[in-house]
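Comments concern the structure below.
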Amino acid sequence: MEISKTYNSAQAEETWYQYWLDNKFFKSTPDQREPYTIVIPPPNVTGVLHMGHMLNNTIQDVLIRRARMLGYNACWVPGTDHASIATEAKVVALLKEQGINKADLTREDFLKHAWNWKEKYGGIILEQLKKLGASCDWDRTRFTMQEDMSEAVIDVFIDLYNKGQIYRGVRMVNWDPEGLTAVSDEEVIHKEAQSKLVYVKYKIETSTGSATDEYITIATTRPETIMGDTAVCVNPTDERYAHLKGKSIIVPVVNRVVPIIFDEYVDKEFGTGTLKVTPAHDINDFNLGQKHKLQTIDVLTQAGKISEAAGAYVGMDRFACRKKIIKDLTEQGLVVKVEDIKNKVGYSERTNAVIEPRLSMQWFLKMDTISKPALDNVVNGEIKLIPDKFINTYKHWMENVHDWCISRQLWWGQRIPAWYDNQGNTVIAKTKEEAIDLLKTKNSALKTDDVRQDEDVLDTWFSSWLWPITVFDPAVIRNGKDNANADLNYYYPTNDLVTAPEILFFWVARMAIAGYEWMGEKPFSNVYLTGIVRDKLGRKMSKSLGNSPDPLDLITKYGADGVRVGMLLCSPAGNDLMFDESYCEQGRNFANKVWNAFRLIQGFEVATVTSSGVEMQQSSAQKTAITWFEQKLSEQLEIINDHYSKYRMSDALMTTYKLVWDDFCAWYLEAIKPDFIDGKAQPIDKATFDATINFLESLLKIMHPWMPFITEEIWHLTKERSQKDCIIVAEWPKQLPTLESKQLAEFEVCKEVIASVRNIRQQKQISPKEKLALIEKSEAQHSYFDDVVIKLANLSSLTYTKDKVEGALSFMVKSTEFYVPMGSNINPEEEKERLSKELEYNQGFLKSVLVKLSNEKFVANAKPEVIAAERKKESDALSKIKAIEEQLAVLN
RNA sequence: GGGAGAUUAGCUCAGCUGGUUCAGAGCACCUGCCUUACAAGCAGGGGGUCACAGGUUCGAACCCUGUAUCUCCCA
């Protein structure tokens with residue numbers, strides 16, 4: 001069979017993914033084995049795969065595949081999130097394109113459109129994950145708004161309400177005037193902006209009630225809220241304004257008379273040291289207003305336009321009004337100056353609209369007591385954050401946590417199960433019938449038509465915080481954890497969670513809270529936090545910049561295995577990664593290398609007798625290489641396992657990469673490769689061939705989590721396999737019980753000798769085909785690796801001598817000298833120069849060692865093994881120097 | 001403004017408990033090779049004042065202090 005010189009990824013990916021599905025290798029059901037569980041961070045149902053998903057899900061797939069091979073019952077639960085704001089915005093935009101206004105639709109009609117859209121386009125991202133090779137148990141696919149999951153959310157609301165943890169109240173919330181909803185603190189992104197600080201003159205009113213000519217000047221970045229001013233505040237210690245006690249101020253534009261109040265809150269240094277107080281439009285002003293019992297005038301509408309209450313500029317957009325008002329005030333001579341300043345402005349994470357602090361009636365969850373276990377168990381290490389530098393951030397946040405605003409003024413989501421009558425009664429109930437029954441106890445005259453359900457839905461995170469629980473058993477909230485189903489009992493708590501640090505608080509912290517609240521136990525043991533994928537200039541990848549490659553294009557170009565390797569080669573945990581396509585190229589090249597190693601092995605002709613009829617013998621070089629590589633494999637496997645245990649993914653991958661490329665391909669295969677005689681490859685003996693196949697299989701297994709497709713492909717090409725004999729379920733290799741470190745060290749010497757000979761070839765322009773003689777100055781007569789040296793350095797002979805050899809180039813490995821006889825082909829001057837340099841270096845080295853050893857404090861304080869090492873260095877250096885001096889003497 | 005972290009080769013990063021000539025890896029680079037698995041390759045090689053300034057120590061990339069620059073989080 002002719003096998004292609006390059007690996008064809010597309011075909012293998014298609015074939016094997018389907019094969020894995022058909023044979024249900026991703027499927028997990030509870031059994032005797034220990035479970036290993038990951039729940040996917042559910043991507044937004046409207047999402048398409050981007051580089052962040054690629055990174056995140058590749059890591060999860062690597063973890064789950066390795067766990068599967070280690071014999072765990074590996075279960076990776078996939079699913080999507082309904083993402084209320086983002087999805088609703090998307091659907092609204094789409095309807096608009098079709099000429100449909102959301103405002104013209106009833107709630108039911110809108111939801112019908114939204115569900116249609118979800119059925120049609122939602123979950124594309126899950127199909128894309130399959131291209132990556134994600135080995136999720138697709139039968140378990142969940143959606144946060146499917147019926148039973150939603151019911152659990154309502155159960156949770158009711159449970160918390162009954163526990164007294166949920167309340168409703170008027171609060172200052174972060175209002176998104178575009179999404180027309182409140183958003184949580186965590187959904188506000190503060191960005192630095194260039195703003196104008198406007199200095200406006202406010203007239204002071206006399207005690208008799210008439211206006212004076214006296215003014216005070218107030219600095220504000222938000223002149224459009226002037227109409228909502230209900231006081232002016234100064235610091236009581238500010239002498240500049242002490243005389244204003246008891247006086248009033250006339251608010252420009254609306255000519256409202258408001259008091260001057262005194263409060264420590266005002267910063268004397270900022271602006272003019274005076275503050276206009278607008279309780280409806282700033283959280284701090286709101287607090288001042290509460291304290292000083294001020295009137296609250298809301299001058300903005302939900303959409304961010306000037307409201308009727310303002311009494312001027314009604315209907316104008318807030319930013320247009322800002323400009324206009326500055327212009328008008330300037331014309332009236334009331335503007336002293338306008339300064340450019342930098343300040344932080346909050347933007348909505350979802351719609352990018354400037355957030356407006358706004359008073360409104362919302363539902364809140366008390367966070368102080370419920371969040372306690374989630375804090376304690378991260379601090380005490382019960383839940384591990386990787387890397388652990390995030391513990392501080394987490395702790396800081398959890399210690400300063402605010403009550404969670406859980407209501408959203410949207411339709412797409414779980415509707416709040418609060419019901420009202422026309423008498424101001426409120427009850428919490430799962431159904432209208434229950435609500436009516438409950439309301440009747442408060443209002444005997446209740447008519448069914450008087451019962452209204454709350455219009456708002458719950459924050460998306462209020463459903464996704466249950467994810468690790470409800471994907472297994474959505475009924476557990478109402479049944480209680482003691483009545484959990486078999487799945488939940490078996491899979492919970494999950495093992496690893498892989499996610500972005502951006503949602504540490506949104507999601508991770510809240511899952512921990514929910515876990516302790518309803519399961520009495522952590523939801524996961526380890527949280528691996530990935531970085532943000534940036535381009536090589538360090539810019540975040542984004543649609544608007546157009547600097548993000550399409551992951552599927554990359555897969556087409558480099559193969560899924562290549563892209564997976566490429567992503568993970570440059571992904572330190574918790575640090576951003578500077579992605580560049582060249583990493584994928586490196587990944588593809590590695591896959592190709594593996595492919596060609598396989599081609600070589602597969603092309604070996606196994607024979608019991610040679611072409612001349614003699615019985616095939618394993619050569620000494622082959623024997624040595626096998627002995628060595630068996631050790632090497634075990635040694636590196638231990639290192640790889642260790643990297644995994646510490647979640648050092650890039651390190652585990654790089655160790656694998658070098659084991660395969662350098663140790664196996666460059667050294668082992670070269671050492672055992674049969675010679676060519678008369679242009680014909682010699683056959684290989686069965687023992688060497690079998691050992692090689694075994695090594696290859698072990699390596700394929702170690703590579704499998706990173707490169708699932710090519711390893712499965714080769715696995716099936718190396719021999720006939722039964723249907724279920726697949727690498728995806730093969731057993732992870734085991735280490736040797738003991739390691740012969742002496743053999744490993746000796747082989748390193750062997751490599752060094754070979755490299756030195758090759759170096760001489762390079763320097764002297766000697767063709768690799770020309771055989772050279774090598775003489776070792778040693779008491780010994782033979783090393784176990786001699787034949788490997790002969791083969792790989794292409795020697796005619798390797799002999800031993802006790803005497804110096806003249807007319808030869810020399811090199812040293814450790815403290816042993818080697819000679820390559822050159823006849824007259826030697827330039828003594830060049831040699832002298834080289835040797836002198838080496839002598840100088842070694843003398844310098846010796847000196848530094850001697851300085852250390854002659855330092856009494858060093859000898860007295862350093863650990864014995866450190867001192868012993870220094871003494872060894874001393875003696876090695878001395879013998880090296882002696883040898884070089886002897887060589888120089890010969891040349892002179 | 002408060003907090004966390006970073007700064008090591010051209011690039012991306014390791015360097016774990018201070019101790020080997022400890023200054024490392026991969027990529028990139030340079031030189032020579034189309035050597036019968038692989039040019040998506042092989043062989044060999046060069047390259048860093050470990051951000052800066054002090055300090056602790058017999059010994060510092062590593063610990064401490066300060067400075068600079070950058071990133072992130074929070075207000």
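Chain letters run A, B, ... following the sequence lines, proteins first and then strands; every chain starts at 1. Because the structure is a prediction, the values reported are computed rather than measured.
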- Task: For nucleotides C27(B) and A9(B), find the distance between their C1' atoms and express it as a whole number of Å.
- Result: 12 Å

- Give a yes/no answer on whether the side chain of N759(A) brings an N or O atom under 4.0 Å of OP1 or OP2 in G45(B). yes

- Q763(A) atom CD is separated from C33(B) atom C1', nearest whole Å, by 16 Å

- Expressed in angstrom and rounded to an integer, what is the separation of L653(A) atom CG from C27(B) atom P? 12 Å

- Establish, with yes or no, whether the OP1 or OP2 oxygen of A4(B) is under 4.0 angstrom from a side-chain nitrogen or oxygen of K395(A). no

- Query: Out of G15(B), A25(B), A37(B), which has the shortest distance to the side chain of R648(A)?
  - Reply: G15(B)

- Item | Residue closer to the 5' end of RNA chain B, K658(A) versus K857(A) (nearest nucleotide) | K658(A)

- Do the side chains of K751(A) and L792(A) get nearer than 4.5 Å, heavy atoms only? no

- Over how many whole Å does the gap from Q765(A) atom CD to A43(B) atom C1' extend? 13 Å

- Write down the distance between CD1 (I710(A)) and C1' (A37(B)), rounded to a whole number of angstrom. 13 Å

- Check the side chains of Y668(A) and T692(A) for a donor-acceptor pair under 3.5 angstrom, ignoring hydrogens and angles. yes

- Below 4.0 angstrom, N of the basic side chain to O of the carboxylate: do E581(A) and R588(A) qualify? no

- Should the pair W461(A) and F506(A) be assigned to parallel (<30°), tilted (30 to 60°) or perpendicular (>60°) ring geometry? parallel

- Query: If the P atom of A40(B) is compared with that of C34(B), how far apart are they to the nearest Å?
  - Reply: 16 Å

- Message: Would you measure the distance from the P atom in G24(B) across to the matching atom in G47(B) and give it in whole Å?
- Response: 11 Å

- Query: Do I881(A) and L846(A) come close enough that some side-chain heavy atom pair is under 4.5 Å?
  - Reply: yes

- Task: May I ask you to decide whether D876(A) forms a salt bridge with K872(A), counting only side-chain N to carboxylate O separations under 4.0 Å?
- Result: yes

- Task: Return the value, rounded to whole Å, for the distance between atom CG of D662(A) and atom C1' of C27(B).
- Result: 13 Å

- Message: Please determine whether a side-chain nitrogen of the Lys or Arg among E356(A) and R222(A) lies less than 4.0 Å from a carboxylate oxygen of the Asp or Glu.
- Response: yes

- Considering only side-chain heavy atoms of D651(A), which listed nucleotide, A25(B), A14(B), A37(B), is closest? A14(B)

- Query: Looking at A37(B), G44(B), U71(B), which one has an atom nearest to any side-chain atom of Q762(A)?
  - Reply: G44(B)

- Item | Any K852(A) side-chain nitrogen or oxygen under 4.0 Å from OP1 or OP2 of G59(B) | no

- Item | Listed partners of W595(A) passing ring pair (Phe, Tyr, Trp, His ring centres under 6.0 Å), at least two apart | Y7(A), F598(A)

- A61(B) versus A14(B) - spacing of their C1' atoms, nearest Å: 12 Å

- Query: Which whole-number value in Å describes the distance from E752(A) CD to G44(B) C1'?
  - Reply: 14 Å

- Note on the structure: Of the listed C38(B), G44(B), C27(B), the closest approach to the Y657(A) side chain comes from C27(B)

- N/O donor-acceptor pair, side chain K5(A) with base C38(B), under 3.5 angstrom: no

- Query: Going through the checks in order, is the side chain to side chain donor-acceptor pair (under 3.5 Å) test met by N842(A) and K880(A)?
  - Reply: CA-CA 8 Å; N842(A) 279 289; K880(A) 245 182 184 169; 4.7 Å; no

- Euclidean distance, atom CG of residue N392(A) to atom P of A4(B) [Å, nearest integer]: 7 Å

- Message: Measuring only the P atom in each nucleotide, how far is C73(B) from U65(B)? A whole number of Å is fine.
- Response: 26 Å

- Message: Between C38(B) and W595(A), is there a base-stacking contact, meaning the centre of the base's six-membered ring lies under 5.5 Å from the residue's ring centre while the planes stay under 30° apart?
- Response: no

- Task: Would you tell me if any nitrogen or oxygen in the side chain of W667(A) comes within less than 4.0 Å of OP1 or OP2 on A43(B)?
- Result: no

- Task: Counting heavy atoms from C-beta on, name the nucleotide in A43(B), C72(B), G41(B) closest to the side chain of W661(A).
- Result: G41(B)

- Query: Just checking A755(A): base, sugar-phosphate only, or nothing, at a heavy-atom cut-off of under 4.0 Å?
  - Reply: sugar-phosphate

- Note on the structure: Closest to the side chain of A666(A), out of C16(B), A43(B), C72(B), is A43(B)

- Salt bridge D580(A)-R534(A), side-chain N to carboxylate O under 4.0 Å: no

- Note on the structure: Out of G5(B), C38(B), G44(B), minimum distance to the side chain of R599(A) belongs to C38(B)

- Pairing of D642(A) and K646(A) as salt bridge, 4.0 angstrom limit: yes

- Task: Take atom CG of N8(A) and atom P of A40(B), then tell me their distance rounded to the nearest Å.
- Result: 17 Å

- Query: Hey, is CD on E638(A) packed in by over 12 heavy atoms from elsewhere, all under 6.0 Å?
  - Reply: no

- Query: Could you spell out the base pairing of RNA chain B in dot-bracket, with Watson-Crick or G-U pairs whose two distances are under 3.5 Å, [ ] crossing and | to another strand?
  - Reply: (((((((..((((.....[....)))).(((((.......))))).....(((((..]....)))))))))))).

- Closest nucleotide among C58(B), A14(B), A37(B) to the A597(A) side chain: A37(B)

- Using the P atom on both, measure C52(B) against C62(B) and round to a whole Å. 11 Å

- Give one of base, sugar-phosphate or nothing for N592(A), where a contact means two heavy atoms less than 4.0 Å apart. base

- Under 4.0 Å from any atom of RNA chain B, heavy atoms only: list the residues of residues 578-590 of chain A that qualify, in numerical order. M578(A), Y583(A), Q586(A), R588(A), N589(A)

- Could you check V859(A) against F676(A) and say which one's nearest nucleotide on RNA chain B is further toward the 5' end? F676(A)

- Taking atom CD of E748(A) as the centre, does the number of heavy atoms from other residues, nucleotides or ligands within less than 6.0 Å exceed 12? yes

- Inter-nucleotide P distance (A6(B), C13(B)), Å rounded: 13 Å

- Integer angstrom distance from the C1' of A4(B) to that of C11(B): 26 Å

- Looking at every strand, decide which applies to E874(A) at a 4.0 Å heavy-atom threshold: base, sugar-phosphate, or nothing. nothing

